[in-house]
Visitor: 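Provided herewith is a single structure, encoded as structure tokens, for subsequent inquiry.
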Amino acid sequence: MTSPPGQLPPSRSLRVEVPEEEALQFGVRQEEEAPSAHGPASRKYSPGTMIRDAAAYLGLSRTPRAQTNRVSVNPLMRAAGDAKYNTSRELKAGEAPAEESSGGGVERTRVIYLDPPVSKKPQGSEFVSNRVVTSKYNFITFLPIFLLEMFSRVAYLYFLLQAGLSWWSVISPFSGYGSTAALVFVLAVAGIKAIWEDVKRHHEDKRMNTSATQRLNPDGSVTDILWTDVRVGDVIVVRDGELFPADLMCLYSSLPENVCFIKTTNLDGETNLKIRKPLDLKGLPMNDLASVMSLKLTLTAEDANRNLHKFRGKAHLVHEYFRDMPLSPGGAQRGADTGATLEVPVTMNEMLLRGCMLKNTERIAGMVVYTGKETRIQMNAAKTPLKVGSFDLFLNLQIALVIAMQLAMCLFCAIANYVWIQQEGKKRYYLALDVYVQGNWENAGAQICLTFLTFWILLSYLVPISLFVTLEIVKFIQGFGFVNFDRDMRDPKTREWARCRNSNLNEDLGKIEYIFSDKTGTLTSNEMQLRQIAVKGVAYGTSDLRLEEHLDKTGLRALRLFDQRLYKAAARVQRSSSWNGLITAGGSSKRIMAHPTSYPNLEAVGSLGLDGEAASADGADDEVANSPLPGQAHDWEEGSTALGHHLVDFWTNICLCQSLILEKNPAGGANLFQGPSPDEVALVDGARQIGFEFKERSHSSVRLDMQGEEVLYEVLNVMEYSSDRGCMSVIARAPDGTIRLYCKGSDAKVLQKIRRDTPPELMDNTNANLHYFAKQGLRTLVLGTKIIAPATYQEWDRRYQEAAASFVDRDERLDALGKEIEEGLELIGVTAIEDKLQEGVPAAIQTLLDASIRVWMITGDKQETAVNIAVSCRLVHNPEDVMMLNVDEKSKDTAARDADELLDKFLRRVMQLYKEDTGAEVPAEGKAGPVGSVCALPSEWQKAELAVDGPSLNFILADDSMRHKLAVLAAHCSGVVVSRSSPSQKAAIVKMMTKYEMWKAAGSSRGLTRWYAMHRRRLQGKMLSIGDGANDVAMLQTADVGIGIMGKEGRQAVNNSDYAISQFRFLVPLLLVHGNLSYYRLARLIKYSFYKNITFAFVLFYYQFYAGFSGQALVDSITAAVFNVVFTALPILLFSILDRPVKNLKALVRYPQMYNKRGSHSLTTLTFWKTGVLMGAVHGAVCFFIPYYSLATSGRSNITDVYSLGKVAFVALLGTVTLEVALVARYWTWLFGILTVISYALVYPYLVVFPLLEMAFSYYDPANIGVSDQVLSSATFWFVILVCYIITFGSRYLERTAKWAFKPQDSCILSEKERKDGLMRDLSAPTRKRLSELGVVRMRSKAGLDLERGGDEHSSGETPHLRGQHGSTQFSGEADDEARDTVGSSLDVAGGFDPDMPPPPGQMREWDALSGRSPSMVRFAAHTRSASGTTYPLQR
Amino acid sequence: MPRSEASGDATSVYSFTTEDTATSEELARRRPKKYSFYKRFAYQKLNGWRPVLSPHGAEIFFLAAGVLLLALGVPILIASLNVVEYKVPYAFKGPFESVTDATARQQLLWDAPDADTGLEYSIPVLIDKRMEPPIYVAFELSSFFQNFRRYVRSYDPNRMHDGGSSGSPASACQPFSFLGDNDSLPINPCGQIAANFFNDTFRFLGPGGASLALDDSDIAWPSDANDLYGAVPAENYNPGSAPDLRTGNTSTLLLNQNQHWMVWQRPHSQVAIQKLYGRLDTPLEAGTTLTLVVNNRYNTYGFGGDKTVIITTNSWVGGRNNFLGACYIATGGACLLAALYFLLAYDLGLVWKRPVGDLANMSWLRHAAAESHAQQQFAAAASSSTGAAGRNGTSSGHAAAPAGDGLATATVPAAAAADGSLDPLSKN
């Protein structure tokens, strides 16, 4: 029955990063990475829980209780005990799952038979087919569905109405062709896009549905079938590497251990393997596939739903085998009627979901439970709520306003028409206005209404129909072209491009005000590395050294690299005879261990016995004995034997107090450490490199290799990490019988357990170390060790085992016992681990802050870590001054009040800070009390730093006034860190700030102004969330823009994001380059599209004053239609695709301040009406009145008829709007230039050719035939258009140049500078560093070539300062960017970056200025300065 | 100078990105290379020209534009002024002179003894400037809305081109589509414009009473005669179809031969319509007195419109119209003023002679300068700079604007910021 733990087949390298397993089992997704001090890992799963399932399937759940006593060493085994405990606990909570809800009678279930009763029809038919259709149209349905879709949008419906009306020739000033052609064109473009997208889906569907799989027949044979034909109740055989065609319940696995492995990448993106097990048959042997069919099984399953982590069902098994089955607490229930029936709960552990892939398992058989649309993956495929960009919002309002204007104009004209007819028209007999035919109605109301319609059609050009299709095209290209193909956003390692998923939001990327960032996996890379240690209050190592970059150095050589002092001490002790004693005792003697310092003074050496007595305690210590007495030694430090001893304590602790599992490295070489806590992995990995290697974990022992000497420690007890305990302890017996307790955990928890009489100076030093490390953003753990007397241990262990075996209050009792034994630890040291920030994160954050974007960190990690990371990525600059807003969650009754008091206190402090900072009194407006006056602070003023934790948020978010106070407080903080927050809290914070900003914008206004203020606010300053895990999904969806990181945590975030990038730093180009440009381009596209149409419409409008308000169109309908679609469409389209304020887009990253989220060149209602509408009206006036009055001349060559005037005005108009786009264009690519010129010039051939075409079609149109000949041959025409162009263009040119010269926008100055001497030259050292970290500039290096070739996989951005020491490093813009820039920077290197030269005074100042805030910057500067002296170890 | 260095570098220095496993092939690919158009497009690497709007450019432009406009405008204006034009209003002359009431005038017209010939009277015209042929004779109807939509739209192109054989419904011509609304009697030319064909006639008598030849051939657009209208006889067009109020006959010519009709048929764009009537091919000496003989039939009295005969020469830009010339001269003047403005405002520094491309003028640096100026003042005022000064240096990543770029320290020296001379805001 029992499988002894030792027999675990080593090949079964259990990848235990299966954290989801537990969540799956309990149906509750553990949403947050959570504190874990052994460590502060990204996840909450303790190793025990993680492997629980693995152990459970191994049959360990029936491990006799006695055995758990001593097998707790191996995490796998330990898990077994937990599993049993947890299973029973779970069952207590809710018995057989499917019945749980049957009481309510609400939940629907489905019953699936493996051997359907004969009476039943084929059961698959009652469920949906397995065919999955994601495509929207087919050949027949395309047109109706597509048209329905299009015309369900108000704009298109409006245009349809307009086009329809224009066919009513009596009222329409235009023929129906023009507007219909325009509508058809727009629809055609949208239709082509829709077809293109749908064809892709069709292909995908077809590929899916026609994949083959195998069905197991009742006789045990298999038949190949298509996925489409899979039916519920079928038994499907899936082989290694195949995808599951439907949701299956696993019945059989070919692996001997009766498990199978699946990869759920398609489902949730997680790349690690997960374990599934076949239905628990309680030992019923399943020898081969065919035997599956002999089962009599009925599955009652819950109805299809979208929960990926929970499945509830029960299997009803009938078999003789069960008759004599003993009942175990493990969950099975005997059927009521017969002993041969067994009911087994079915959970997600038995389910194989469609979309997952079978891995490392030869084959499995599973019964189909859900098919097609009802599979979990399809149920989850529901579209994420579609976000619309702010320009959509903006356009809605502006179109409404323009339409209101159109309404007013039409109404005016209609009434004027009626009045004119009554006053003037009726007198003019030749107009025959007394004959009521042909658009002349006797009834005044009818007359006004119908002329209103006439004008409505005439002025319909006010709203540009082409804008909608142009916007779609441009956004598509911006998103799926430029964002997706930006080489600066391509992950250098995974070669993954950025991905735009919702191009609607392109413009919002240019207006981000808040960034809410996840931490783990988003800011950090989730890769921990040991950086520094402190032993007895003295710090060793430097945080700059990366041991992992020196893998060739191991053992003492690595230690020497790490720190010379440690090396000397360790080498000395190792050479001495005390070494052996030290390691067989598991550490130094009690006295040495207790000594507060590693550098004992003379007397202390004697008393510690390091010189003589040590020999007896720890073995002969020749070296120390024979060495000159410390007092005589010229360098006691060098011989600090105590340090060596403490060092052994330190590393032994690290190697023993962990819960890692060894996994064979598939690539050969050293074993890999697998564990839930990356900190632990980092520590043990670091220890291995330094020569203290964790070699093997067996049943109840751990084998270590201590600098070449192998020792076996017997592990007696393991006290798991839990967030409450905040530490982990291991009790081990050393070979010589000493029993020690090794404890490792967070400073807060472990320091409490330290021996009370520890000398205060040691505690002070340790605290200083902790502070020092934390300030560098390192994650710290404190180590403590204690020697336990055997008798004490025996007594304690007895109680401990008792507690472990109990089912009542087990956790509490174990905790209490743990606390008891952990008392009185000896402080050993502190470890400092770097949770390696992702490449370029500090630079990215600095850049974003410079762009005056507020960056908040919202994480589930614990507060200290979060603040530390915030410090290291330069979000928080004064960790000691951070306002820590956390209340004791335990005291629930007072917690809310505490939180409120804290908030008030901090608000007062913020005001105090403001007073100190600016010297100004806090503006006294607003309500009394802190909130009112804080609200009155200028919103740009943000100085304080705030850290909030999740439990406090619980209380704060629940209360309106506290929530408001928090928002006010946070709004004036430059750095905000939210820790231990749940996913819903993450979203709630985003919502809170949105609400706050709205409230702030609305101020005290009311009614319409309030609405408008909020509307305007909604167009500015957007919220952006960025995250990588499923826990960030809520946040991503709540924010205006959600960015998913394509990281290690799967695709959940990406699938719910609007844009996906692979590294945090790519956010910088995404916002600063793409956001900026998209906004710039789209804003101008919108303004210009309206401008040109409004100009056109106003020309038509002005003429009404001279045509009796009759609705006579100056331009014929075809010309009017082609104006929009042909003559003016291309320049602005190309403009909005290609234009840019500066040529070198990297400059937008170099000068992040250019990111102007509320800047002057925002598109606002005011600017829209000024430069879109008003300018259109003015230009329209010029283009109408000048021709109108200039052409009035008698004589032979007159072109005074309506049609000629129309042509002249049209050409004037066309040139005017083309010149406008040409003037606004800041970047003339040949494409834009040529097409702009062509678009305009095309009007002349058009004028000539179009009448010929009309004649060819026997349409004798007085409006065209002969008109252009007359017009073009008239000198007046050419003079008129020339003066029109000079007036419109000249006035705009004057205005723009004056603005450019005297009120320059930043981009204007930049482009001047760019023309003058390039933008990427003269990079100051910090800028250069920042840009290269962001990957925006790349480095060129002569000397670096061999290094790079040598297989260094770390990118240049990571170690710029190292390269800098070669003195030949050159930074440059990209090669093809600008030759001048390149040269500039190389010159600059000679001038500014050469370490031999003192930096120019300006840069000096800059360094000095910076030095106060960013330690790494100072370090950087220091390196560059010291490089000439080569004191810095240059390892290459 | 730097370019040569760059090319020298390019041969000796490898440019690479370390992050990828660079094969030699890729290294080669990465060296200065030419992407395909599509790639350059997708990578946003299309080369382009960056116009910079400089005051000097504007000076040149406005100077050139001003000169050009004046150079064109002055001759245009002179040509227009040199046009000899005589306007002879005749609607209220002759027998109408004594009648003051509009209705009575109308009645007088209708009461004419012969509706077809109307009332003929003559008006002397003194030519006080020599007129060179061709001398154009046109008529003008004031306040005549020929561009009323319903009026313009009342037209059937096919019927006028090929007699309506293509069978178009011609409903647009209503109420002048069918004679007496009888479908079998289509009117051709139909529609309101044709129905109201102007039917006054003019003759000129020279000083001796000899008739001057008024050439009315070739006054319509050639395209109208050749393309627009066919050799279609007028049908049901004569009296009966025309509104009674107008009086007088219409035309019996083929449509494309009736020049006056074709001129009339082209709807004039303005309120006062001018239509060419004929041409005098003999020069008129100064001091000649012409006699204009008008046969007044066309009723404009109902709406008080005047009728004028215009005798004019044409310059190279057409008839008399000073608007265009004036417009040119005014615009040209404005352009010169604009050039002057930049000269004063920029070159002489009256507004701000901003150094080109000086990043110190970037908005955030200006703000920072202003801020630091204010803070310095504050620091000076508050002698105890205990908490504030320290905090300034250490906190807030972006309050200190120069962060991260060398330009800041180089270009906003504290002194400049302090005296505010660099701050353009103070001047604008």
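Residue numbers begin at 1 in each chain, while the letters A, B, ... track the order of the sequences. Small disclaimer: the values here were computed from a predicted structure and weren't measured.
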Visitor: Let me know if B/Ile193 has heavy atoms under 4.5 Å from chain A in its side chain, its backbone, both or neither.
Guide: neither
Visitor: If you count heavy-atom pairs within less than 4.5 Å of chain B, which of A/Gly439, A/Ala432, A/Gly425, A/Gly1206 leads?
Guide: A/Ala432
Visitor: Name the option with the most non-hydrogen atom pairs under 4.5 Å to chain A; the candidates are B/Val271, B/Thr300, B/Leu228.
Guide: B/Leu228
Visitor: The criterion is ring-ring contact (aromatic ring centres under 6.0 Å, His included); which residues satisfy it with B/Tyr229, sequence neighbours excluded?
Guide: B/Trp261
Visitor: Need one label for A/Ser1258: side chain, backbone, both or neither, based on atoms under 4.5 Å from any heavy atom in chain B.
Guide: backbone
Visitor: Taking the side chain as every heavy atom from C-beta outward, state whether B/Phe148 and A/Leu433 have any atom pair closer than 4.5 Å.
Guide: yes
Visitor: If you count heavy-atom pairs within less than 4.5 Å of chain B, which of A/Leu875, A/Val1280, A/Val435, A/Val1142 leads?
Guide: A/Val435
Visitor: Against chain A, label B/Thr331 side chain, backbone, both or neither, depending on which of its atoms sit under 4.5 Å from a heavy atom there.
Guide: side chain
Visitor: Rounded to the nearest 0.5 Å, what's the gap from NZ on B/Lys45 to CG on A/Leu1145? Could you check?
Guide: 7.0 Å
Visitor: Closer than 3.5 angstrom, by distance alone: can the side chain of A/Tyr1260 be matched with the main-chain N or O of B/Pro157 as a donor-acceptor pair?
Guide: no
Visitor: For A/Ile1265, is it the side chain, the backbone, both or neither that has a heavy atom under 4.5 Å from a heavy atom of chain B?
Guide: both
Visitor: Say you draw a straight line from OG1 of A/Thr1200 to CG of B/Asn321; how long is it, rounded to the nearest 0.5 Å?
Guide: 11.0 Å
Visitor: Taking all non-hydrogen atoms of both residues into account, name the closest pair between A/Leu1294 and B/Ala338 and its distance.
Guide: CD1-CB, 3.7 Å
Visitor: So which heavy atom on B/Arg149 is nearest to which on A/Ser1110, and how close?
Guide: N-OG, 2.8 Å
Visitor: Considering only heavy atoms, which portion of B/Leu68 lies under 4.5 Å from any heavy atom of chain A: side chain, backbone, both, or neither?
Guide: side chain
Visitor: Output the option from B/Ser223, B/Pro267, B/Gly230 having the highest count of non-hydrogen pairs under 4.5 Å with chain A.
Guide: B/Pro267
Visitor: If you tally heavy-atom pairs under 4.5 Å against chain B, which of A/Cys1308, A/Ala1275, A/Ala1301 wins?
Guide: A/Ala1301
Visitor: Over 60° means perpendicular and under 30° means parallel, so classify the ring planes of A/Phe1302 and B/Phe342, tilted if in between.
Guide: parallel
Visitor: Among B/Ser269, B/Ser80, B/Gly48, which residue forms the greatest number of heavy-atom pairs with chain A at distances under 4.5 Å?
Guide: B/Ser269
Visitor: Take A/Asp1269 and B/Trp221 through the test side chain to side chain contact (heavy atoms under 4.5 Å, CB included) and record every step on the way to the result.
Guide: CA-CA 10 Å; A/Asp1269 303 350; B/Trp221 292 2; over 6 Å; no
Visitor: Tell me if a side-chain donor or acceptor on A/Lys1313 pairs with a main-chain N or O of B/Leu359 at a distance below 3.5 Å.
Guide: no
Visitor: Hey, could you give me the CZ/CG distance between B/Phe144 and A/Leu431, rounded to the nearest 0.5 Å?
Guide: 7.0 Å
Visitor: State, with a plain yes or no, whether a side-chain heavy atom of A/Pro1304 is found less than 4.5 Å away from one of B/Trp352.
Guide: yes
Visitor: Does A/Arg487 qualify as a cation-pi partner of B/Tyr43, given the criterion of NZ or CZ under 6.0 Å from the six-membered ring centre and within 45 degrees of its axis?
Guide: yes
Visitor: Between B/Ser143 and A/Arg428, is there a side-chain donor-acceptor contact under 3.5 Å, judged purely by atom types and distance?
Guide: yes
Visitor: Tell me if the centroids of the rings in B/Trp316 and A/Phe1279 come within less than 6.0 Å of each other.
Guide: yes
Visitor: For B/Asn299, which atoms come within 4.5 Å of any heavy atom of chain A: side chain, backbone, both, or neither?
Guide: both
Visitor: May I ask you to test the A/Lys1143-B/Asn47 pair for a side-chain heavy-atom distance under 4.5 Å?
Guide: yes
Visitor: So, B/Asn147 side chain and A/Tyr1106 main chain: donor-acceptor pair closer than 3.5 Å or not?
Guide: yes
Visitor: Of the listed residues (A/Asp1261, A/Asp486, A/Leu1282), which shares the most heavy-atom pairs with chain B below a 4.5 Å separation?
Guide: A/Leu1282
Visitor: Is it the side chain or the backbone of A/Leu1138 that comes within 4.5 Å of chain B heavy atoms, both, or neither?
Guide: side chain
Visitor: Is it the backbone or the side chain of A/Ile845 that comes under 4.5 Å from a heavy atom of chain B, or both, or neither?
Guide: neither
Visitor: Taking all non-hydrogen atoms of both residues, which atom of B/Ala58 and which atom of A/Tyr1293 are closest, and how far apart?
Guide: N-OH, 3.3 Å
Visitor: By a 4.5 Å heavy-atom criterion (distance strictly below it), what part of B/Asn196 contacts chain A: side chain, backbone, both, or neither?
Guide: side chain
Visitor: List the steps, then state whether side chain to side chain contact (heavy atoms under 4.5 Å, CB included) holds for B/Met362 with A/Met1154.
Guide: CA-CA 9 Å; B/Met362 304 277 266; A/Met1154 292 276 296; 4.1 Å; yes
Visitor: With a 4.5 Å cut-off on side-chain heavy atoms, are B/Pro222 and A/Gln1270 touching?
Guide: yes
Visitor: Under a 4.5 Å heavy-atom cut-off, does chain B meet the side chain of A/Ala1113, its backbone, both or neither?
Guide: neither
Visitor: Do the non-hydrogen side-chain atoms of A/Arg1226 and B/Leu53 ever get within less than 4.5 Å of each other?
Guide: no
Visitor: Quick check: closest heavy atoms across B/Ser54 and A/Thr1297, and the distance to 0.1 Å?
Guide: O-CG2, 3.6 Å
Visitor: State the CG-NZ distance between A/Asp1201 and B/Lys275, to the nearest 0.5 angstrom.
Guide: 7.5 Å
Visitor: So which heavy atom on B/Val52 is nearest to which on A/Ser1311, and how close?
Guide: CG2-O, 3.9 Å
Visitor: Can you classify the ring geometry of B/Phe41 versus A/Phe482 as parallel (below 30°), tilted (30 to 60°) or perpendicular (above 60°)?
Guide: tilted
Visitor: What distance do A/Arg1140 atom CZ and B/Leu46 atom CG have between them, rounded to the nearest 0.5 Å?
Guide: 7.5 Å
Visitor: Chain B heavy atoms under 4.5 Å from A/Asn484: which part of the residue, side chain, backbone, both or neither?
Guide: neither
Visitor: Using modelled atom types only, decide if a donor and an acceptor are shared between the side chain of B/Arg153 and the backbone of A/Pro173 within a distance under 3.5 Å.
Guide: no
Visitor: Which one, A/Ser1204, A/Ala1298, A/Gly1335, A/Gly975, leads in non-hydrogen pairs under 4.5 Å with chain B?
Guide: A/Ala1298
Visitor: Heavy-atom pairs under 4.5 Å with chain A: which of B/Cys327, B/Ala272, B/Ala42 has the most?
Guide: B/Ala42
Visitor: To the nearest 0.5 angstrom, please state how far the CZ atom of B/Arg354 sits from the CH2 atom of A/Trp1300.
Guide: 8.5 Å
Visitor: What part of A/Tyr1188 gets within 4.5 angstrom of chain B, counting heavy atoms only: side chain, backbone, both, or neither?
Guide: both
Visitor: Which bit of A/Pro1152 is near chain B, if near means a heavy-atom gap under 4.5 Å: side chain, backbone, both or neither?
Guide: neither
Visitor: Sort A/Leu1077 into side chain, backbone, both or neither according to what part of it lies under 4.5 angstrom from a heavy atom of chain B.
Guide: side chain
Visitor: Anything under 30° is parallel, anything over 60° is perpendicular, the rest tilted; go ahead and classify B/Tyr151 against A/Tyr430.
Guide: perpendicular
Visitor: Give me the atom names and distance for the closest heavy-atom approach of A/Tyr1227 to B/Pro51.
Guide: N-CD, 4.2 Å
